[in-house]
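Just so it is clear, the values below take in all heavy atoms, side chains as well, and ignore hydrogens, waters and symmetry mates.
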Amino acid sequence: MTTFRVIRSTLLFLLCPLLAQAQQVEPFHQALSIGVHGGVLASRFSFVPSVSQRIHIGNMAGLKIRYDVERGASLQLEANYLTSGWREKYDATGTSYTRDITYIETPLLAHLYLGRPSARIFVNAGPFIGYALSETSSVSGEANMSEKDLARHALGIKSKFFWGLGGGPGLSFGLGAHHRLELEGRFVYGFGNIWSTERTEPYVQSSEIRFGGFLSYLFRF
């Protein structure tokens, strides 16, 4: 009997911390959140043949809907309005070219998180689909540009649809039961091309790469 009591006491001693931790875990409830976000977006294009570029700086703002599927995993749908494009690099003083492209975009993302309601780390990942609404350009020092440069600048967007994959890490902070602030980094690789990729065309690749940082606010119902 003495040996049995010792074993029982030892097991209770080992299990007590686990039982206490299990009692501290809050029950999970599926819930819907809506929010807004905005931030700075940097972009460049992958051209073949290559084009010397600087980073193009734009902005992004949008709405998001998030549904908590299970503990640690949610689905997130966004509707974004953004400006991206490319900025060419020239050695001659006073010579520059910038193309601004305005998109509407609808990413569908898996939102995976780890941590407590008060503070979490997360990763978003999924497909991005967008449509180019407009394009504008600004240029200076055309006398210092080659005929190839001028011909490229005259090319308008042939395919207005954008599609790619992206995502990124972030930090999430709970402000009470219903409010949440999030800081997120994002990288998006585009698979589509804005110009024709036929062999007879001057550029066989004209795809976009974006990255940036965003601040979000969500309200949980």
Side-chain angles (χ1 to χ4, degrees), residues 37-62 78-109 123-170 183-216:
H37 54 238
V40 177
L41 189 69
S43 61
R44 59 174 292 136
F45 270 73
S46 179
F47 292 116
V48 178
S50 63
V51 175
S52 181
Q53 299 173 60
R54 304 181 189 274
I55 295 298
H56 178 284
I57 302 298
N59 50 65
M60 186 272 281
E78 300 179 3
N80 300 325
Y81 180 87
L82 61 94
T83 301
S84 64
W86 75 91
R87 180 184 172 206
E88 298 184 9
K89 180 181 178 181
Y90 293 94
D91 295 328
T93 303
T95 304
S96 65
Y97 179 83
T98 302
R99 180 80 64 93
D100 297 317
I101 306 174
T102 301
Y103 287 95
I104 55 172
E105 178 185 74
T106 56
L108 178 60
L109 305 174
V123 174
N124 289 333
F128 286 67
I129 300 175
Y131 182 81
L133 297 174
S134 64
E135 58 178 322
T136 59
S137 60
S138 58
V139 60
S140 62
E142 289 183 290
N144 299 318
M145 298 178 182
S146 66
E147 292 185 2
K148 184 178 180 179
D149 293 334
L150 297 176
R152 178 176 63 253
H153 300 165
L155 292 174
I157 295 178
K158 298 295 176 62
S159 177
K160 293 189 175 184
F161 287 97
F162 173 90
W163 64 284
L165 291 174
L183 183 63
E184 176 186 354
R186 182 169 292 184
F187 176 84
V188 181
Y189 187 90
F191 294 109
N193 296 277
I194 60 170
W195 297 329
S196 173
T197 58
E198 298 292 333
R199 292 184 178 181
T200 56
E201 299 295 333
Y203 294 91
V204 296
Q205 182 176 344
S206 52
S207 58
E208 187 173 358
I209 300 172
R210 305 173 187 161
F211 53 95
F214 314 108
L215 182 65
S216 304

Quiz item: What distance do Asn80 atom CG and Phe128 atom CZ have between them, rounded to the nearest 0.5 Å?
Solution: 8.0 Å

Quiz item: Which heavy atom of Leu155 sits nearest a heavy atom of Arg99, and at what distance?
Solution: O-NH2, 2.9 Å

Exercise. Can you see which heavy atom on Ser206 is nearest to which on Trp195, and at what distance?
Key: OG-N, 3.0 Å

Under 3.5 Å, side-chain donor or acceptor atoms of residues 39-46 against the rest of the protein: list the pairs with distances, not counting sequence neighbours.
| unit_1 | atom_1 | unit_2 | atom_2 | d |
| --- | --- | --- | --- | --- |
| Ser43 | OG | Gly85 | N | 3.1 |
| Ser43 | OG | Gly85 | O | 2.9 |
| Ser46 | OG | Gln205 | NE2 | 3.1 |

Quiz item: Which pair of non-hydrogen atoms, one from Glu142 and one from Leu150, has the smallest distance, and what is that distance?
Solution: OE2-CD2, 3.9 Å

Quiz item: His153 vs Tyr90 aromatic rings, parallel, tilted or perpendicular, using cut-offs 30° and 60°?
Solution: perpendicular

Self-check item: Heavy-atom donor-acceptor pair, Glu184 side chain to Ser216 backbone, under 3.5 Å
Solution: no

Practice problem: Test side chain to side chain contact (heavy atoms under 4.5 Å, CB included) on Phe162 and Ile194 and set out the steps. | Solution: CA-CA 8 Å; Phe162 173 90; Ile194 60 170; over 6 Å; no

Quiz prompt | Min side-chain heavy-atom separation Leu165-Tyr189 under 4.5 Å | solution = no

Practice problem: Can you measure from CD1 (Ile101) to CD (Glu208) and round to the nearest 0.5 angstrom? | Solution: 6.0 Å

Exercise. Could you tell me the separation between the CG atom of Asn144 and the OG1 atom of Thr95, rounded to the nearest 0.5 Å?
Key: 3.5 Å

Quiz item: At their closest point, which heavy atom of Asn193 faces which heavy atom of Ser159, and how far apart are they?
Solution: O-CB, 3.3 Å

Quiz item: Which pair of non-hydrogen atoms, one from Gly192 and one from Ser207, has the smallest distance, and what is that distance?
Solution: O-CB, 3.2 Å

Exercise. Measure the spacing between OG1 of Thr98 and CD1 of Ile57 and express it to the nearest 0.5 Å.
Key: 11.0 Å

Quiz item: When the ring planes of Phe191 and Trp163 are compared, do they come out parallel, tilted or perpendicular, using 30° and 60° as the limits?
Solution: tilted

Quiz item: Are the side chains of Trp86 and Glu88 in touch, meaning some heavy atoms are under 4.5 Å apart?
Solution: yes

Exercise. Would you name the heavy atoms of Val204 and Glu198 that are closest together and state the gap between them?
Key: CG1-O, 4.3 Å

Exercise. Using the ring of Tyr97 (Phe, Tyr or Trp, six-membered ring only), decide whether Arg152 places NZ or CZ under 6.0 Å from its centre and within 45 degrees of its axis.
Key: no

Practice problem: Any chance you could lay out the salt bridge (Lys or Arg N to Asp or Glu O under 4.0 Å) test for Arg186 and Glu105, step after step, and finish with the verdict? | Solution: CA-CA 14 Å; Arg186 182 169 292 184; Glu105 178 185 74; 5.0 Å; no

Exercise. Kindly compute the distance separating OH (Tyr103) from OG1 (Thr83), expressed to the nearest 0.5 Å.
Key: 10.5 Å

Self-check item: Distance in Å, Ile104 CD1 paired with Lys160 NZ, rounded so as to fall on 0.5 Å steps
Solution: 11.0 Å

Exercise. Any chance you could lay out the side chain to side chain contact (heavy atoms under 4.5 Å, CB included) test for His37 and Glu78, step after step, and finish with the verdict?
Key: CA-CA 10 Å; His37 54 238; Glu78 300 179 3; 3.6 Å; yes

Self-check item: side-chain hydrogen bond (donor to acceptor under 3.5 Å, both in side chains) partners of residues 48-58, not counting sequence neighbours, each pair once
Solution: His56-Asp100

